[in-house]
Amino acid sequence: MATTSSAQQTLDTFGFLNIEVDPTLDLVEEISRLKKEKNAIILAHYYQESEIQDIADYIGDSLGLSQKAASTDADIIVFAGVHFMAETAKMLSPHKKVLLPDLKAGCSLADSCPPHIFSKFKDKYPNAVVVSYINCTAELKTLTDICCTSSNAVQVIESIPKEKQIIFAPDRNLGAYLEKKTGRDLIIWNGTCMVHEIFSHEKITKLQMRHPDAKFIAHPECEAHLLEKADYIGSTSGLLKYTQENPATEFIVATESGIIHQMELASPQKTFIPAPPNNTCACNECPHMKRNTMEKLFVCMQYELPEITLPDWVIKKGVASIDRMLEISARAGL
Ligand code: 13P
Ligand code: SF4
């Protein structure tokens, strides 16, 4: 067992418990054993590596994951996702232990909106309702009236009286998409997701010429010029559902490539082509999501570290914006 002080030291340095794992261990078996022993639930986002998705108890988009975090009766929630998702789970289930395999699994959108700077921006519009995409820090949620995800953002905007000004943070692409969908003028924070901004219009067009029957599907975090040519726009679970229900057999997928694992499992006879980034790197993989590995997941469950902790005031104030989002989603049958 790592001692408390050595554990803290390695967490401060690396963001995860940097303990060597015996390479002969069957990690699937070990993680399954720990789940049972500790009454733990593993919640995984679709952008996690395939092996992690395969061992998860629940795989979903940000809305589904929040709903599950709010309703689970497990003692420990192990979040195979990024920091803001684990924080959201902690806010919804404050008495449970919430673990994140790597504390440095961040999010470029959350980073793009520092609460102290946003607070000054918000002061310029004292009568505006603040809607924040769930991809933001817990502290930003304390400055937010209603949270939203890509699954319920339209319903959240439409729940606000027409005469009210709305600030939308932090994703400018989702904000622009919502303006188009709802016909509302939004005051939009200028943040972006590093993964969804990288897709190449030119390469996608060439792919479409080579695969004329393929449907082009995109996440609303993508830039407007890509969304304009999409056959379908939706959250990760929306995209997955579309590929299951649409009779097409080829899909060009403009979101993080981890989702393709579930698409292939659900429709093994169909072909899924990840939309290419505008250079040769693997930039359509989220480097934050991919910080989680099976080894880190195992160590995190064994030592019950790193744990997400939040000040009480942040939980109390911030959770109200998530609760409002969940109420609106429930009313809309989402
Ligand atoms: P959804 O899974 O809610 O569509 O969100 C995508 C995303 O970027 C999560 O970080
Ligand atoms: Fe954040 Fe983008 Fe990664 Fe999602 S894909 S966690 S929005 S950086």
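Counting starts at 1 for both ligands and their atoms, in listed order.
The CZ atom of F118 sits 6.5 Å away from atom NZ of K122, with the distance rounded to the nearest 0.5 Å. Atom-to-atom distance recorded for M85:CE and I134:CD1 is 8.0 Å, nearest 0.5 angstrom. In this structure, CD on E29 lies 10.0 Å from CD1 on I55, to the nearest 0.5 angstrom. Distance CG/N135 to OG/S112: 9.5 Å, rounded to 0.5 Å.
Checking H288 against atom 3 (Fe) of ligand 2, every N/O/S atom stays at or beyond the 2.8 Å cut-off.
Evaluated by nearest non-hydrogen atom to atom 2 (O) of ligand 1, the leading choice among T236, N152, T255 is T236. In this structure, of G60, S237, S62, S108, the residue bringing a heavy atom nearest to atom 3 (O) of ligand 1 is S62.
Nearest protein heavy-atom contact of atom 7 (S) of ligand 2 is N135 ND2, 3.1 Å. In terms of protein heavy atoms, atom 1 (Fe) of ligand 2 is closest to C107 SG, 2.4 Å. Looking only at protein heavy atoms, the nearest one to atom 8 (O) of ligand 1 is E221 OE2, 3.0 Å. The nearest protein atom to atom 4 (O) of ligand 1, hydrogens excluded, is given as H219 NE2, 2.7 Å; this is a heavy-atom distance.
The proximity of Y47 to ligand 1, defined as any non-hydrogen pair under 4.0 Å, is limited to the side chain. Residue N135 touches ligand 1 through its side chain alone, judged by heavy-atom distances below 4.0 Å.
Figure legend: K296 and F16 shown as a cation-pi pair, the cationic atom lying under 6.0 angstrom from the six-membered ring centre and within 45 degrees of its axis.
Among T144, I160, V156, the single residue meeting the side-chain contact (heavy atoms from CB on, under 4.5 Å) criterion with V129 is I160. For the pairing with R172, the salt bridge (charged side-chain N to carboxylate O under 4.0 Å, His left out) check across E221, E197, E223 returns one residue only, E197. Partner of H196 under the side chain to side chain donor-acceptor pair (under 3.5 Å) criterion, chosen from T255, D171, N284, N173: T255. Exactly one of I187, V130, V131 qualifies for a side-chain contact (heavy atoms from CB on, under 4.5 Å) with F168. That residue is V131.
Near M85, the atoms of ligand 1 lying under 4.0 angstrom from a non-hydrogen atom of the residue are 9 (C), 10 (O). Listed by number with element, the atoms of ligand 2 under 4.0 angstrom from any heavy atom of C286 are 3 (Fe), 5 (S), 6 (S), 8 (S). Shown in contact with S108 at under 4.0 Å from a heavy atom are these atoms of ligand 2, numbered in order with element: 1 (Fe), 8 (S). Atom numbering of ligand 2 starts at 1 in the shown order; those under 4.0 Å from a heavy atom of C193 are 2 (Fe), 5 (S), 7 (S), 8 (S). Of all the atoms in ligand 1, the ones that sit under 4.0 Å from a non-hydrogen atom of S150 are 1 (P), 3 (O), 4 (O). Remark: ligand 1 atoms within the under-4.0 Å shell around heavy atoms of H45 are 1 (P), 2 (O), 5 (O), 6 (C), 9 (C). Ligand 2 places these atoms under 4.0 Å from at least one heavy atom of L109: 7 (S).
Using 4.0 Å as the threshold, E256 has no heavy atom nearer than that to any atom of ligand 1. In this structure, H45 falls outside the shell of residues with a heavy atom less than 4.0 angstrom from ligand 2.
For H196, no nitrogen or oxygen atom sits less than 3.5 Å from a nitrogen or oxygen atom of ligand 1, counting backbone and side chain alike. Between S235 and ligand 1, no pair of N/O atoms sits closer than 3.5 Å.
Under the 30°/60° scheme for interplanar angles, the aromatic rings of Y242 and Y232 are found to lie parallel. The aromatic rings of W189 and F121 sit perpendicular, their planes meeting at an angle over 60°, well past the 30° parallel limit.
No donor-acceptor pair under 3.5 Å is formed between the side chain of K141 and the backbone N or O of V319.
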